[in-house]
Amino acid sequence: MSASTRLSPGDSAAYAALLDKYDTWMFDCDGVLWHGDRLIDGAPEVLELLRAHKKSIIFVTNNATKSRPNYKKKFDGLGIEAHVDEIFGSAYAAAIYISSVLKLPKDKKVYVIGMGGLEEELKSEGISYVGGTDPADNTLASPTPIADDPTVGAVLVGLDTSVNYTKLSKAFRHLYYDPSVAFLATNTDSTYPSANGLLPGAGSILAPLVYSLGPSRPVTALGKPSVRMLEAIKAKHDFDPARTIMIGDRLNTDIEFGKAGGLATLLVLTGIASEADLTGPNPSPTVPDYVTPSIGDLRAIGKPAA
Ligand SMILES: O=C(O)[C@H](O)[C@H](O)COP(=O)(O)O
Ligand SMILES: [Mg+2]
């Protein structure tokens, strides 16, 4: 197994070499560009430099709490140039999968555990849904008796900071009592690198259903590392995988996504992955092509020649 190339901050030649090798630069968001609403040092400058060097930029996030337009507002608010068609979230990948691959019949709905951004992406794909931010499901009252809804044809689980027993019970019953109901998740990230440290991620919202339903009811996750996310990007962007680099902070999503797609991979250590994952007593089997401490190190690529 080949080792990663360690990039040393300030080694301009090493970063300039990356610039020559790759035309399309895919960026994960949480833990790479920001922690919550707090930008990571150098992120805006690096994106500006890449655009000045005529590179294509694509944002690829497993965070399903925002729709692409919501993310555009976030980028705008943080002073970062971004265009809606450059933004790909797991909420969007899930909506595309449900409409174009699963082809959920129009008389069927999705039971959602998730937030407004996920609902917006379903709506923009013309997919009917229940649950989610519905006040009737956002309650701590006992959910029983549950009136089952036979029009539900899929359950979709994403990061939901208002998850509760009612939502888990309804999702469980749809999946347990009707094997034809599709079990879907936006992503399975175990943790979320927020502005004030780690928090449970979408995978930890999903876990109670995975545990209660057991291995006979496997879940299909649509975000990184799934190829479904890359298919959603390929449907909108032409790029050469051999000249594309994926920059991420999580080995089992971002780096595995890049490797599965035939992309080069660059790991930063400002989010989930740590030095111990690379050189500790139990290193991850997922080895990135390049490692640098932070996205800000890429400022070494420097301004294009006048
Ligand atoms: O869903 C989650 O757990 C989080 O949103 C996770 O952090 C994914 O965000 P990403 O690093 O892919 O932007
Ligand atoms: Mg991340």
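Note that ligands are numbered from 1 as they come in the structure, with each ligand's atoms numbered from 1 the same way. Values in this document were obtained by computation on a predicted structure and should not be read as measured data.
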Quiz item: Considering only heavy atoms from C-beta outward, does the side chain of D28 approach that of K224 to under 4.5 Å?
Solution: yes

Quiz item: Leaving out waters, which are not shown anyway, how many protein N, O or S atoms lie closer than 2.8 Å to the Mg ion (ligand 2)?
Solution: 3

Quiz item: Is ligand 1 less than 4.0 angstrom away from at least one heavy atom of G31?
Solution: no

Quiz item: Which bit of T191 is near ligand 1, meaning a heavy atom under 4.0 Å away: side chain, backbone, both or neither?
Solution: backbone

Practice problem: Determine whether the side chain, the backbone, both or neither of D30 has a heavy atom under 4.0 Å from any heavy atom of ligand 1. | Solution: both

Exercise. Look at the rings of Y290 and Y22 and say which category their plane angle falls in: under 30° parallel, 30 to 60° tilted, over 60° perpendicular.
Key: perpendicular

Practice problem: Provide, to 0.1 Å, the distance between atom 6 (C) of ligand 1 and the closest protein heavy atom, together with that atom's residue and name. | Solution: D189 OD2, 3.7 Å

Practice problem: Determine whether the side chains of Y97 and T220 contain a donor N or O and an acceptor N or O closer than 3.5 Å. | Solution: no

Quiz item: Taking atom types as modelled and ignoring hydrogens, do the side chains of S294 and D297 form a donor-acceptor contact shorter than 3.5 angstrom?
Solution: no

Quiz item: Is D85 salt-bridged to K236, going by a charged N under 4.0 Å from an acidic O?
Solution: no

Quiz prompt | Test side-chain contact (heavy atoms from CB on, under 4.5 Å) applied to D249 and L33, D254, I40, the passing residue | solution = D254

Quiz item: Who pairs with R217 by salt bridge (charged side-chain N to carboxylate O under 4.0 Å, His left out), at least two apart in sequence or on another chain?
Solution: none

Self-check item: Spacing of OG1 belonging to T292 relative to CZ belonging to R6, to within rounding of 0.5 Å
Solution: 9.5 Å

Quiz item: Any chance the rings of F239 and W25 have centres within less than 6.0 Å?
Solution: no

Quiz item: For atom 13 (O) of ligand 1, which protein heavy atom lies nearest, and how many Å away is it?
Solution: T61 OG1, 2.6 Å

Quiz prompt | W34 side chain near C29 side chain, heavy-atom distance below 4.5 Å | solution = yes

Quiz prompt | Student check: side-chain heavy atoms of L209 and L168 closer than 4.5 Å | solution = yes

Practice problem: Taking the side chain as every heavy atom from C-beta outward, state whether L278 and P288 have any atom pair closer than 4.5 Å. | Solution: yes

Quiz prompt | Where ligand 1 meets C29 - atom numbers and elements under 4.0 angstrom, heavy-atom basis | solution = 13 (O)

Exercise. Heavy-atom contacts with G201 under 4.0 Å: which atoms of ligand 1 show up? List them by number with element.
Key: 3 (O)

Quiz item: Hey, does A202 come in under 3.5 Å of ligand 1, counting only N/O atoms on both sides?
Solution: yes

Exercise. Check each atom of ligand 1 against the heavy atoms of P193 and keep those under 4.0 Å away; list them by number with element.
Key: 7 (O)

Exercise. Would you mind checking which non-hydrogen protein atom is closest to atom 4 (C) of ligand 1, with the distance to 0.1 Å?
Key: Y192 CD1, 3.6 Å

Self-check item: Pick from D28, N187, N63: the one approaching atom 1 (O) of ligand 1 most closely through a non-hydrogen atom
Solution: N187

Quiz item: Is R250 touching ligand 1 with its side chain, its backbone, both, or neither, if touching means heavy atoms under 4.0 Å apart?
Solution: neither

